[in-house]
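One structure is given here, and the rest of the page talks about it.
Read the numbers this way: they start at 1 and go in the same order the structure lists the ligands and their atoms. Quick caveat, the model's predicted, so the values are computed rather than measured.
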Amino acid sequence: KKNSSESRGALIVLEGLDRSGKTSQSTRLHSFLDGLGYSVESWRFPDRNTGVGQMISSYLANESQLDDRAIHLLFSANRWEKRRLSDKFAAFASSQAERAASRRASILQIQEELLGFGDDEIIGFLKRLDSHVKGEWAMKAAGISLMETKLRTGKTLIVDRYSYSGVAFSSAKGLDIEWCKAPEMGLLAPDLKAAERGGYGGERYEQLEFQRKVAKSYQTLRDSSWKTIDACCPVEDVEMQIREVVSDCVVTCEKGKSLSQLWS
Ligand code: FDM
């Protein structure tokens, strides 16, 4: 109940076929929101910087071969690994949660101790555990994901591809859609899913025939909550369409909207 009135950042996901302009549009959107005074961070999946991400990257570049199910699970693992807070913070958060819950420490004391931590995202988050907030909040801090921490500290995340790419690309290879969805269960559901229609070449998946199948899979996943952006028109027009849907979404999240999980 409390959560639903908490102001937070929005989780915005951009999806679409390869070469539909998602990446440049996410850069443009980032500057737009930044200019409006929002605190914004851009993410992308696959995140090629992690160990799992490097395996994915070499697969995509045709430098390694993997079973279709194995690569599917790696893409999913790449999203799960990004949930993780540092071990140091996780340990700290759980000990503080315990102290706050048993009233051995006031939230104020905990906040002060946090100052030694240096990571302002995390400090920001725990600073919000102000006097009206009880131990439950701190308890949540202990099990909370990185993405959720960012959103709850007011950061808006623009994510270039997410679970929908995971399901659309793998099911386009013929894998059962429900099987594809299963490992994504429990990841945060986006506040806005914008799919770009239109737009494609060197990597493994960039062949016309395959892209058609992916488009069909996206169609299956799409429901009324998705916003479809026509990406065939000039970039500025696409940018305006995105701004419009995103503006509504960030305001709704600012007012307080509860977070949910996939596949709800
Ligand atoms: N892709 C991306 C997947 O097959 N599954 C996933 O879960 C994700 C996130 O990887 F062809 C595919 C989609 C695309 C390729 O994506 C690399 P980028 O956006 O070009 O890095």
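Residue Asp191 is tested with Lys255, Lys227, Lys257 for a salt bridge (Lys or Arg N to Asp or Glu O under 4.0 Å); the sole match is Lys257.
Residue contacts with ligand 1 include Arg44, since one or more of its heavy atoms lies under 4.0 Å from the ligand. At least one heavy atom of Arg79 sits closer than 4.0 Å to an atom of ligand 1.
No close placement of the Trp43 and Tyr162 rings is indicated, their centers lying 6.0 Å or farther apart.
Of all the listed residues (Gln211, Arg48, Arg161), Arg48 holds the heavy atom that lies closest to atom 21 (O) of ligand 1. When the heavy atoms of Phe75, Phe210, Tyr162, Phe169 are ranked by distance to atom 10 (O) of ligand 1, first place goes to Phe75.
Near Phe45, meaning under 4.0 Å from one of its heavy atoms, ligand 1 places the atoms 9 (C). Below 4.0 Å from some heavy atom of Gly166 lie the following atoms of ligand 1, by number and element: 5 (N), 6 (C), 7 (O).
Connection of Leu66 to Ile56 is established within a shared hydrophobic cluster, with ILVMFWY side chains joined at heavy-atom distances below 4.5 Å, either directly or through further cluster members. Clustering ILVMFWY residues whenever any of their side-chain heavy atoms sit less than 4.5 angstrom apart, transitively, puts Trp179 in a cluster other than the one holding Leu74.
Considering only heavy atoms from C-beta on, Gln207 stays 4.5 Å or farther from Gln211 through its side chain.
Residue-level proximity to ligand 1 for Leu60 is carried by the side chain, the only part with a heavy atom below 4.0 angstrom. At a heavy-atom distance under 4.0 Å, only side-chain atoms of Tyr205, from C-beta outward, approach ligand 1.
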Candidate pair Arg212 and Glu209, rule salt bridge (charged side-chain N to carboxylate O under 4.0 Å, His left out), full reasoning: CA-CA 5 Å; Arg212 282 206 186 97; Glu209 203 38 52; 3.1 Å; yes
